[in-house]
*Asks:* 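Dropping the structure in here first, questions after.
Worth saying up front: this structure is predicted, and the values here are computed from it rather than measured. We count ligands from 1, going down the list as the structure has it; atoms in each ligand are counted the same way.
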Amino acid sequence: MLEQAKNALKHFEITGAAGEISPYGSGHINDTFLVKSTPNLILQRMNQSIFSNPREVMENILGVTNFLKKKIIHAGGDALRETLTVIPTLTGEPLYQDDQGEYWRMYYKIEDAVSYDRVEQEQDFYESALAFGNFQQMLSDYPAETLHETIPGFHDTEARYQVFLEAVEEDVCKRAKNVMEEIAFYRDRKETACVLGNLQAEGKLPLRVTHNDTKLNNIMMDKKTGKGLCVIDLDTVMPGLAVNDFGDSIRFGASTGEEDERDLSKVSCDLHLFRLYTEGFLRGCNGSLTEMETAMLPMGAKVMTYECGMRFLTDYLKGDTYFKIHREGHNIDRCRTQMKLVADMEAKWEEMAEIVQTCSQESVPSVRP
Ligand code: ADP
Ligand code: GN1
Ligand code: MG
């Protein structure tokens, strides 16, 4: 793979000499490399089995980043740090296809910034919420109809439930017997898969341009200011639900344990972090959420956690073909943390609703100066 990456590198229009190249980051989907250069670069092999049309992914990313750059410049910001910059190939393309058919793309590395795999300082979580809310707000006038659906039905939880049932039925790896409790957990909560889709179908939740993968490690935090600097991993920017963007951040960042923690006694939904994120997200959205969206924020958290755990379980049943795994049973460990979180959210449901209500009253635009 490193050799392939070195070869791909030669096809991009870079200014400085390229030095050392090494695997980078902890994403579950693409293969990411850091290329030492001036400036430093991020080279990624796109996951083609997941993104079946990489050109459409790059069209979306170019559209969104160019749109954001204009707004950032207008606001007096630094367009090279506050959004991704796609570096073209020598032939002016946004991606390079190698002779094995693999697609590669390149960005400037966002410098003096860090992405976290867990909340280390609670203020960082608040700042990430502000930035993700603001990201959505900045894209509120983006022409949504020009965006390609890079993964059809990405957060169609009901459709994902059907795929899960098929995976149980087919049981290609004969693993279902190991995870009967987990399978029952998702079956018992089938109604959770339908709630948000139904509200959307009834016109009660609007489609917006959303990020759809708002994990804490998909945002670069400025090392000096501590602010959320740049939202990255734009592969799944598509029309979606605001509550899902909120919910995916809670799923990952408000957990007291890591996504793949094996000691489940360490895993719970931290309501203090939940409150902080809610405050930041509502502020970042700047009054743009409807009453229904605000009321459904806890549901977004539960549904995203339910969906993600079910996806990990489905992948385990199918033989670990989607998410990168680093040990045997990795996907099932991940699934179990998500189940623990869903159960914990169910136990804390009223408190979560109360927190959202209090935060939304505090951030009503009319009380702002
Ligand atoms: P994946 O889809 O596999 O999650 P990401 O695009 O999120 O891929 O990249 C993986 C990790 O690489 C990120 O979590 C981040 O730490 C790092 N990364 C990606 N792009 C950049 C960038 N432009 N500057 C700095 N770090 C980056
Ligand atoms: C993947 O790409 P990454 O690692 O940021 C996945 C998300 C999951 C997440 C679980 C395109 O995110 O949907 O919530 O793993 N991205 C894709 O950690 O499937
Ligand atoms: Mg990522």
*Asks:* Are more than 12 heavy atoms, taken from residues, nucleotides or ligands other than Lys190, located less than 6.0 Å from that residue's NZ atom?
*Replies:* no
*Asks:* Going hydrophobic residue to hydrophobic residue with side-chain gaps under 4.5 angstrom, can you get from Phe312 over to Val168?
*Replies:* no
*Asks:* Is it the case that Gln44 and Thr32 place a side-chain donor and acceptor less than 3.5 Å from each other?
*Replies:* yes
*Asks:* Short list, please: which atoms of ligand 1 are under 4.0 Å from a heavy atom of Asn218?
*Replies:* 7 (O)
*Asks:* Got the closest protein heavy atom to atom 3 (O) of ligand 1, with its distance?
*Replies:* Asn30 N, 2.8 Å
*Asks:* Suppose we measure from atom 22 (C) of ligand 1 to each protein heavy atom; which comes out shortest, and what is that distance?
*Replies:* Ile42 CG1, 3.5 Å
*Asks:* Could you check whether Glu111 and Asn40, counting side-chain N and O atoms only, form a donor-acceptor pair closer than 3.5 Å?
*Replies:* yes
*Asks:* What residue and atom, counting heavy atoms only, is the protein's closest point to atom 23 (N) of ligand 1, and at what distance?
*Replies:* Tyr108 O, 3.1 Å
*Asks:* Taking the inter-plane angle between the rings of Tyr277 and Phe281 on a 0 to 90° scale, is it parallel (under 30°), tilted (30 to 60°) or perpendicular (over 60°)?
*Replies:* parallel
*Asks:* Hey, which atoms in ligand 1 end up nearer than 4.0 Å to a heavy atom of Thr32?
*Replies:* 9 (O), 10 (C), 12 (O)
*Asks:* Applying a 4.0 Å heavy-atom criterion (strictly less than), which segment of Phe252 is in contact with ligand 2: side chain, backbone, both, or neither?
*Replies:* neither
*Asks:* Taking only residues two or more places apart in sequence or in another chain, which ones pass side-chain hydrogen bond (donor to acceptor under 3.5 Å, both in side chains) with Ser115?
*Replies:* none
*Asks:* How about Glu166 and Gln162: does a side-chain donor come under 3.5 Å of a side-chain acceptor?
*Replies:* no
*Asks:* Which ligand 2 atoms, with their elements, are less than 4.0 angstrom from a heavy-atom of Asp233?
*Replies:* 2 (O), 3 (P), 5 (O)
*Asks:* Ile29 heavy atoms, cut-off 4.0 Å: which ligand 1 atoms fall inside?
*Replies:* 2 (O), 3 (O)
*Asks:* Identify, for atom 19 (C) of ligand 1, the protein heavy atom at the shortest distance, and state residue, atom and that distance.
*Replies:* Ile232 CD1, 3.7 Å
*Asks:* Going by the order shown, which atoms of ligand 2 are within less than 4.0 Å of some heavy atom of Cys308?
*Replies:* 10 (C), 14 (O)
*Asks:* Compute whether any side-chain donor of one residue and acceptor of the other, for Arg175 and Asn178, lie under 3.5 angstrom apart.
*Replies:* no
*Asks:* Short list, please: which atoms of ligand 1 are under 4.0 Å from a heavy atom of Leu84?
*Replies:* 23 (N)
*Asks:* Looking only at distances, can you tell me whether any N or O atom of Arg105, backbone or side chain, sits closer than 3.5 Å to an N or O atom of ligand 1?
*Replies:* no
*Asks:* Please collect all side-chain hydrogen bond (donor to acceptor under 3.5 Å, both in side chains) contacts where either partner lies in residues 65-74, sequence neighbours excluded, each pair once.
*Replies:* Lys69-Thr85, Lys71-Asp141
*Asks:* Return the closest protein heavy atom for atom 25 (C) of ligand 1 as residue, atom name and distance.
*Replies:* Ile110 N, 3.6 Å
*Asks:* Nearest heavy atom to atom 14 (O) of ligand 2: which of His28, Lys215, His155, Arg251 does it belong to?
*Replies:* Arg251
*Asks:* Relative to the heavy atoms of Lys109, which atoms of ligand 1 are at a distance of less than 4.0 Å?
*Replies:* 24 (N), 25 (C)
*Asks:* What protein heavy atom lies closest to atom 3 (P) of ligand 2? Include the residue and the distance to one decimal.
*Replies:* Asp213 OD2, 3.4 Å
*Asks:* Which ligand 2 atoms, with their elements, are less than 4.0 angstrom from a heavy-atom of Phe312?
*Replies:* 10 (C)
*Asks:* Quick check: does any side chain N or O of Asn212 sit under 3.5 Å from a backbone N or O of Thr210, one acting as donor and the other as acceptor?
*Replies:* yes
*Asks:* Hey, are Thr157 and Glu307 close enough side-chain-wise for a donor-acceptor pair under 3.5 Å?
*Replies:* yes
*Asks:* At what distance is the nearest protein heavy atom to atom 1 (C) of ligand 2, and which residue and atom is it?
*Replies:* Ile29 CG1, 3.7 Å
*Asks:* Answer with yes or no whether the hydrophobic clustering places Val57 together with Leu43; edges join I, L, V, M, F, W, Y residues whose side-chain heavy atoms lie under 4.5 Å apart.
*Replies:* no
*Asks:* With a 3.5 Å cut-off and no angle check, do the side chains of Asn47 and Ser49 form a donor-acceptor pair?
*Replies:* yes
*Asks:* N/O of Asp235 under 3.5 Å from N/O of ligand 1, yes or no?
*Replies:* no
*Asks:* Closest non-hydrogen protein atom to atom 17 (C) of ligand 2, residue and atom name please, with distance?
*Replies:* Tyr322 OH, 3.4 Å
*Asks:* Distance only, no hydrogens: is a donor on one side chain within 3.5 Å (strictly under) of an acceptor on the other, for His11 and Gln97?
*Replies:* no
*Asks:* Describe, in one word, how the ring planes of Tyr142 and Phe67 are oriented to each other, choosing from parallel (under 30°), tilted (30 to 60°) and perpendicular (over 60°).
*Replies:* perpendicular
*Asks:* Distance under 4.0 Å to a non-hydrogen atom of His28: what atoms of ligand 1 satisfy this?
*Replies:* 3 (O), 4 (O)
*Asks:* Under 4.0 Å from a heavy atom of Gly27: which atoms of ligand 2 are those, numbered in the order shown and with their elements?
*Replies:* 4 (O)
*Asks:* Is there a polar contact, in the sense of an N or O pair closer than 3.5 Å, between Asp233 and ligand 1?
*Replies:* yes
*Asks:* Of the listed options (Glu307, Arg334, Lys324, Arg311), which comes nearest to atom 8 (C) of ligand 2 when hydrogens are ignored and any heavy atom counts?
*Replies:* Arg311
*Asks:* Using the side-chain hydrogen bond (donor to acceptor under 3.5 Å, both in side chains) rule, collect all pairs that involve residues 231-247, keeping only residues at least two apart or in two chains.
*Replies:* Asn30-Asp235, Arg105-Asp235, Gln136-Asp245, Asn218-Asp233
*Asks:* Regarding Arg160 and Tyr306, do their side chains bring together a donor and an acceptor under 3.5 Å, going by distance alone?
*Replies:* no
*Asks:* Hey, does Glu259 come in under 3.5 Å of ligand 2, counting only N/O atoms on both sides?
*Replies:* yes
*Asks:* Starting from atom 14 (O) of ligand 1, which protein heavy atom do you reach first, and at what distance in Å?
*Replies:* Asn217 O, 2.7 Å
*Asks:* Going by distance alone, is a donor N or O of one side chain under 3.5 Å from an acceptor N or O of the other, for Thr256 and Asp270?
*Replies:* no
*Asks:* Could you name the option among Ser26, Ser115, Gly25 that has the heavy atom nearest to atom 16 (O) of ligand 1?
*Replies:* Ser115
*Asks:* Should Tyr107 and Met221 be regarded as members of a common hydrophobic cluster, given that ILVMFWY residues are connected when their side-chain heavy atoms come within less than 4.5 Å of each other, either directly or indirectly?
*Replies:* yes
*Asks:* If we set the cut-off at 4.0 Å for heavy atoms, which region of Asn218 has an atom near ligand 2: side chain, backbone, both, or neither?
*Replies:* side chain
*Asks:* Is the backbone of Asp263 close enough, under 3.5 Å, to the side chain of Glu261 for a donor and an acceptor to pair up by distance?
*Replies:* yes
*Asks:* Which protein N, O or S atoms lie under 2.8 Å from the Mg ion (ligand 3), given by chain and residue number?
*Replies:* Asn218 OD1, Asp233 OD2
*Asks:* Looking only at heavy atoms of Gln44, does any of them come nearer than 4.0 Å to an atom of ligand 1?
*Replies:* yes
